[in-house]
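Scroll down for the structure; my scribbles are underneath it.
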Amino acid sequence: MPLTATHINYNIVCQRKLWLFSHDVVMEQTSDAVFEGKLIGENSYTQRAERYTEISIQATFQGIELSAKIDFYDARNRIVHEVKKSDVLEQAHIAQIKFYLYILETNGIESPEGILEYPKLRQTLNIPALSPEDKKEIETWILETQNILEQDSCPPIIKKTYCKTCSYHDFCFVGE
Ligand code: SF4
């Protein structure tokens, strides 16, 4: 299975979540955060469809297959547009969009950039073209993520505020 932006995101949020997700431990997606996030992603910006196209793109790094499905890509200006419900997990969101930029660059797109949009906060974050340091960091994430996927055992529970809205909360904290 190729690595995707979701894997990269989960590697930053919680490596236990990454391992559970990649080992097909699926929990029902009942949290309001997930539901609202889907609504925002699907309904808030329908007019963007005229300017952006959905693309699916692949690459490899050190034999690791990488895959990205980018919902809103502005090919003319080489901009990836991503909409998020809030900025609570901003670092993981930035990592996700940088992963997209990395795959685009690997496919010969010159210096693509990103825009992260937070409609509820009325905030927009511009992600500039990747620096050499960014690329090294992304390659480190890819190797780390692949390493977690190949582990036989599930990483330990981390106790973070994020756990409350994580779909694996009941799985991790049953009985507490
Ligand atoms: S509930 Fe917490 S420890 Fe468990 S997978 Fe989610 S983030 Fe990780």
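Read the numbers this way: they start at 1 and go in the same order the structure lists the ligands and their atoms. This structure is a prediction, so every number in the text was calculated from the model and none was measured. Below, all heavy atoms of this structure are taken into account, side chains as well, without hydrogens, waters or symmetry copies.
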Exercise. Would a line drawn from the ring center of Y52 to the ring center of Y73 be shorter than 6.0 Å?
Worked result: no

Exercise. Is it true that H7 and F21 have ring centroids separated by less than 6.0 Å?
Worked result: yes

Exercise. Are a donor atom and an acceptor atom from the side chains of N147 and Q151 found within less than 3.5 Å of each other?
Worked result: no

Exercise. Is there a donor in the side chain of Q96 and an acceptor in the side chain of K84, or the other way round, less than 3.5 Å apart?
Worked result: yes

Exercise. For ligand 1, which atoms have a heavy atom of Y162 less than 4.0 angstrom away?
Worked result: 7 (S)

Exercise. Does NZ or CZ of K17 come closer than 6.0 Å to the centre of the six-membered ring of Y10, within 45° of the ring's axis?
Worked result: yes

Exercise. Parallel, tilted or perpendicular for H169 and F173, by the 30°/60° rule?
Worked result: tilted

Seminar exercise, completed: The expected count of protein N/O/S atoms at less than 2.8 Å from atom 4 (Fe) of ligand 1 is 1

